[in-house]
Amino acid sequence: MSQKPAIPKGTRDFLPEDVLKRNLIFSTISTAFNRFGFQPIETPSFELSSTLMGKYGEEGDRLIFRILNSGEKVRKADLDALASDNLPRFANSLSEKALRYDLTVPFARFVVQHQHELSFPFKRYQIQPVWRADRPQHGRYQEFYQCDGDVVGSDSLRNEVELIQVIDQVLSTLKLPGFTIKLNNRKVLSGIAEVCNASEHLIHLTVALDKLDKIGEVGVINELMGKGFEASVIDSIKPLFQLKGSFEERISFLSAFLSKSEIGMKGLEELSYIHSKFRDNPLVKGQLELDVTLARGLNYYTGAIIEVKAHEVVMGSICGGGRYDDLTGLFGLKGLSGVGISFGADRIYDIMETLELFPRDLRSGPDVLFLNFSETEADQCAIWANSVRDLGKVAEVYPSQTKLQKQLKYANEKGAKWVLFYGEEERQKGIVILKHMESGEQHTYPADAWLSSWEG
RNA sequence: GAGGUUGUAGCUCAGCAGGUUAGAGCAUCGGAUUGUGGUUCCGAAGGCCGCGGGUUCGAACCCCGUCUUCCUCCCCA
């Protein structure tokens, strides 16, 4: 009875070509981080539940994959909690570990745990998969890679500038036709709430604003009314819907709008500082945009908020990030500021696939494939193959002695550049025949010197 | 978590209003060609028609449940 092969929803297999394409993205990202002095770290796939739970809000907790206790630990199941319908507590009693949901919280844990082994400011990058029990959709998977870079222990806004440069370098190197790096600042959002007399409802206000490009002005107003905002409050934020123009124009508009809010003005100052740094040191391809509707990840961002959208495709953000003044505080280390970004490698992959941005010659076959005529000749070929490998080239000896037709078909499908014939006939004559697969041309060389005359 | 949608060969899909041995193209394997590939010709293999239950003389087709796919919301990369 054979089993039907299948994988869980929201997961994918990667064929050799897919892996090469993904590696191209990963290496581009790690190269960029390296060039800016970031160092790589890794953390375990799963953490203690207590490390993760409660860090992503109620919604996030629900999406964390939990690992069921096994063995004797199943006895810890809290049946009373189940009986009294306290499902979260029951779930906690069943599980002590969970798959990581992102790389930021484990990183915060890492920094606190290793604080005495690190020197600050600490710049790290990390490329590892994360898991979310989300409902799969276009560009959304249950297992996907995040590529994070963060700086902890430095308040300087130069870090924000640097991270924006990293984003620009990575996406430009990958030849994305265009992308917008949207910037906002939590302080500006606080300021907006302040001047609108809605400080207590900051979250509702910003979540509604965040949807502006999706549901439109009317949609946002409806949502705000649904949340019980007063008409006067809604009226006072309406001017923001019309925000247009260049970065500077938006800044000056907001300066007037937020003039009565100290915190709002501070936020604008920060945005303005960051923007000014690109005047004499421009980005390669990225377009900076001030977007006050940007509010993702509000739960821990305290300063800059960054989100990147690719042009020419319909896709969620491909990179996001921001500053969080006290992330490590959750693990007992107060006053350490951090700022970071996270690339969504899988979304970048999907975009590059639809826009056909991957280079064609990514999948390169062996430089030489030695055909297999018999045990004796194959032994000689294996020795030559090593010499070819010593030159830094890829060599392969066909493993079994089958029909040439089949061996050549294999060479063809694998994209071998050259095929080497060395059978009984060649051995007796003391020659080898090299065939160039693309042109079909064949050259004969003396068997003891072919490698030096071969131009492969 | 809510609503909708999808499921037939490895892949892309046919299959008329319930009716007998469920089809095609591509891919795979073998042969035409015993030492020469990418094109061609011939042949073979491959299906509990997502899974479970029900209606019926009879179900790929109708009904219920379940899982899966894709989409919208929620949320996010």
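Just the heavy atoms: all of them, side chains too, but no hydrogens, waters or symmetry mates, feed the values below. Just so it is clear, the structure is predicted and the values come from calculations on it, not from any experiment. In what follows, chains carry the letters A, B, and so on, assigned in the order in which the sequence lines appear, proteins first and then strands, with residues in each chain numbered from 1.
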Enquirer: Please give the nucleotide sitting opposite B:rG23 as a Watson-Crick or G-U wobble pair, both distances under 3.5 Å, or none.
Expert: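 B:rG23 is paired with B:rC13.
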Enquirer: Go through B:rG31, B:rU36, B:rG37 for me and flag the one nearest to the A:N412 side chain.
Expert: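 Nearest to the side-chain atoms of A:N412, counting from C-beta on, is B:rG37.
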Enquirer: Has A:S95 got a side-chain atom pairing as donor or acceptor with A:I67's backbone, closer than 3.5 angstrom?
Expert: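 Checking the backbone N and O of A:I67 against the side chain of A:S95, a donor-acceptor pair under 3.5 Å is found.
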Enquirer: Which whole number of Å gives the distance between the P atom of B:rG46 and that of B:rG4?
Expert: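 Pairwise P distance, B:rG46 against B:rG4, rounds to 41 Å.
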Enquirer: For atom P, what is the distance between B:rA44 and B:rG25, given to the nearest Å?
Expert: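 Taking atom P in both B:rA44 and B:rG25, they lie 13 Å apart.
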Enquirer: Touch check for A:I348, heavy atoms < 4.0 angstrom, all strands: base, sugar-phosphate only, or nothing?
Expert: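 The residue A:I348 makes no contact with any strand.
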Enquirer: Using atom P of each nucleotide, how far apart are B:rU33 and B:rA24 to the nearest Å?
Expert: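 Approximately 27 Å lies between the P atom of B:rU33 and that of B:rA24.
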Enquirer: Measure CG/A:L15 against P/B:rA27 and give the value in whole Å, please.
Expert: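 In whole Å, B:rA27 P and A:L15 CG are 17 Å from each other.
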Enquirer: Produce the list of close N/O pairs, under 3.5 Å, pairing protein atoms with atoms of nucleotides 43-46 of chain B; give distances to one decimal.
Expert:
none

Enquirer: Is the shortest side-chain N/O distance from A:K406 to OP1 or OP2 of B:rG30 below 4.0 Å?
Expert: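 Yes, because at least one side-chain N or O of A:K406 sits under 4.0 Å from OP1 or OP2 of B:rG30.
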Enquirer: Could you tell me whether A:G415 contacts a base, only the sugar-phosphate backbone, or nothing, with contacts defined as non-hydrogen atoms closer than 4.0 Å?
Expert: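 No contact at all - A:G415 keeps every heavy atom at 4.0 Å or more from the nucleic acid.
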Enquirer: With both distances under 3.5 Å as the test, what is the Watson-Crick or G-U wobble partner of B:rU6?
Expert: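 Across all strands, not a single nucleotide pairs with B:rU6.
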Enquirer: Measure the distance from NZ on A:K409 to P on B:rA27 and round it to the nearest whole Å.
Expert: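 Rounded to the whole Å, the gap is 9 Å.
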Enquirer: Is there ring stacking between A:F373 and B:rG35, where the centres must be under 5.5 angstrom apart and the planes under 30 degrees?
Expert: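 A:F373 vs B:rG35: stacking no.
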Enquirer: Using the ring centroid of each side chain, check whether A:F38 and A:Y125 are separated by less than 6.0 Å.
Expert: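 Centroid separation for A:F38 and A:Y125: 6.0 Å or greater.
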Enquirer: Base, sugar-phosphate, or nothing: which does A:F343 touch, judged by heavy atoms less than 4.0 Å apart?
Expert: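 The residue A:F343 makes no contact with any strand.
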Enquirer: Any idea which of B:rG30, B:rU68, B:rG35 is nearest the A:K9 side chain?
Expert: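 Nearest listed nucleotide: B:rU68.
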Enquirer: Between A:L420 (CG) and B:rU36 (C1'), how many Å, whole number?
Expert: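 These atoms are roughly 13 Å apart.
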Enquirer: Check the pair A:N372, A:Q401 against side-chain hydrogen bond (donor to acceptor under 3.5 Å, both in side chains), reporting the backbone distance first and the verdict last.
Expert: CA-CA 5 Å; A:N372 189 329; A:Q401 183 194 334; over 6 Å; no
Enquirer: Write down the distance between CG (A:L294) and P (B:rC76), rounded to a whole number of angstrom.
Expert: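 Going from A:L294 (CG) to B:rC76 (P), I get 12 Å.
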Enquirer: Roughly how many Å is it from CZ in A:R22 to P in B:rA77, rounded to a whole number?
Expert: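 Answer to the nearest Å: 17 Å.
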Enquirer: Taking the minimum atom-to-atom distance to the side chain of A:M437, which one of B:rG35, B:rA77, B:rG37 wins?
Expert: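 Taking heavy atoms from C-beta onward, the closest nucleotide is B:rG37.
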Enquirer: Please tabulate the protein-to-nucleotide N/O contacts below 3.5 Å involving nucleotides 72-75 of chain B, giving atom names and distances.
Expert:
| unit_1 | atom_1 | unit_2 | atom_2 | d |
| --- | --- | --- | --- | --- |
| B:rU72 | OP2 | A:Q137 | OE1 | 3.1 |
| B:rC74 | OP1 | A:K211 | NZ | 2.9 |
| B:rC74 | N4 | A:R140 | NH1 | 2.5 |
| B:rC75 | O2 | A:R140 | NH2 | 2.3 |
| B:rC75 | N3 | A:R140 | NH1 | 3.0 |
| B:rC75 | N3 | A:R140 | NH2 | 3.1 |

Enquirer: Using atom C1' in both nucleotides, what's the gap between B:rU5 and B:rA77 to the nearest angstrom?
Expert: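 Result for the C1' pair: 25 Å, nearest Å.
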Enquirer: For atom P, what is the distance between B:rG19 and B:rU12, given to the nearest Å?
Expert: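 Taking atom P in both B:rG19 and B:rU12, they lie 26 Å apart.
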Enquirer: Please report the distance separating the C1' of B:rA22 from the corresponding atom of B:rC16, rounded so that it comes out in whole Å.
Expert: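 Comparing C1' positions in B:rA22 and B:rC16 gives a spacing of 14 Å.
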Enquirer: Taking atom types as modelled, is there a side-chain donor on A:Y410 or A:E396 under 3.5 Å from an acceptor on the other?
Expert: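 Yes, a side-chain donor-acceptor pair sits under 3.5 Å.
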Enquirer: Hey, what's the ring geometry for A:Y301 with A:Y324, parallel, tilted or perpendicular (30° and 60° as the breaks)?
Expert: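 If you compare the ring of A:Y301 with that of A:Y324, the planes turn out parallel.
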Enquirer: Heavy atoms under 4.0 Å, any strand shown: does A:E426 hit a base, just sugar-phosphate, or nothing?
Expert: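 Result for A:E426 = base.
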Enquirer: Between B:rU69, B:rG35, B:rG37, spot the one nearest the side chain of A:L404, thanks.
Expert: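 Side chain of A:L404 sits closest to B:rG35.
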Enquirer: Between A:E312 and A:L355 (side chain of the first, backbone of the second, donor and acceptor by atom type, cut-off under 3.5 Å), is there such a pair?
Expert: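 Between the backbone of A:L355 and the side chain of A:E312 there is no qualifying donor-acceptor contact (under 3.5 Å).
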Enquirer: Hey, does A:F421 reach any base, or is it just sugar-phosphate, or nothing, if we go heavy atoms under 4.0 Å?
Expert: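 Answer is base: heavy atoms of A:F421 come under 4.0 Å of a base.
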Enquirer: So does A:K182 get a backbone contact from the side chain of A:T180, meaning a donor-acceptor N/O pair under 3.5 Å?
Expert: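 No, because the side chain of A:T180 does not come within donor-acceptor range (under 3.5 Å) of the backbone of A:K182.
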Enquirer: Check every atom of B:rG35, B:rU68, B:rC76 against the side chain of A:R347 and return the nucleotide holding the closest atom.
Expert: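 My answer, after comparing the listed nucleotides, is B:rC76.
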Enquirer: Atom CZ of A:R12 and atom C1' of B:rA77: how far apart are they, to the nearest Å?
Expert: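 Distance, rounded to whole Å: 11 Å.
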Enquirer: Need to verify one output field. Residue with the more 5' nearest nucleotide on RNA chain B, A:E413 or A:C319?
Expert: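 The 5'-side residue here is A:E413.
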Enquirer: Nearest-Å distance, CZ (A:R100) to P (B:rA77)?
Expert: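 Atom-to-atom, A:R100 to B:rA77, this comes out as 15 Å.
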Enquirer: What's the gap between B:rU20 and B:rG15 when it is taken at their C1' atoms, as a whole Å value?
Expert: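 Straight-line distance between the two C1' atoms is 15 Å.
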Enquirer: Could you tell me whether A:E438 contacts a base, only the sugar-phosphate backbone, or nothing, with contacts defined as non-hydrogen atoms closer than 4.0 Å?
Expert: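 It contacts base atoms.
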Enquirer: Just how far, in rounded Å, is P of B:rG35 from CG of A:N372?
Expert: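 For the pair A:N372 CG and B:rG35 P, the rounded distance is 13 Å.
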Enquirer: Pick the P atom in B:rA14 and in B:rC62, then give their distance to the nearest Å.
Expert: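 These two P atoms come out 15 Å apart once rounded.
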Enquirer: State the CD1-CZ distance between A:I237 and A:F229, to the nearest 0.5 angstrom.
Expert: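 Between atom CD1 of A:I237 and atom CZ of A:F229 there are 7.5 Å.
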Enquirer: Do A:K238 and A:E217 meet the salt-bridge criterion of a basic N to acidic O distance under 4.0 Å?
Expert: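 Between A:K238 and A:E217 there is no salt bridge, as every charged N stays at least 4.0 Å from the carboxylate O atoms.
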Enquirer: A:Q407 near the nucleic acid: base, sugar-phosphate alone, or nothing, with a heavy-atom cut-off under 4.0 Å?
Expert: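 No contact at all - A:Q407 keeps every heavy atom at 4.0 Å or more from the nucleic acid.
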Enquirer: Here's one to test your reading of the geometry: is the NZ or CZ of A:R427 within 45 degrees of the ring axis of A:Y422 and under 6.0 Å from its centre?
Expert: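 The answer is no; the distance or angle limit is not met.
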Enquirer: Counting distance only, does the side-chain N/O of A:R186 pair as donor-acceptor with the main-chain N or O of A:G267 below 3.5 Å?
Expert: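 The answer is no, because no donor-acceptor pair under 3.5 Å joins these two groups.
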Enquirer: My understanding is that a pair needs two contacts under 3.5 Å, Watson-Crick or G-U wobble. By that rule, which nucleotide pairs with B:rU34?
Expert: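 Looking at the geometry, B:rU34 pairs with no nucleotide.
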Enquirer: Is it the case that the ring center of A:Y145 lies less than 6.0 angstrom away from the ring center of A:F26?
Expert: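 Between A:F26 and A:Y145, the centre distance is under 6.0 Å.
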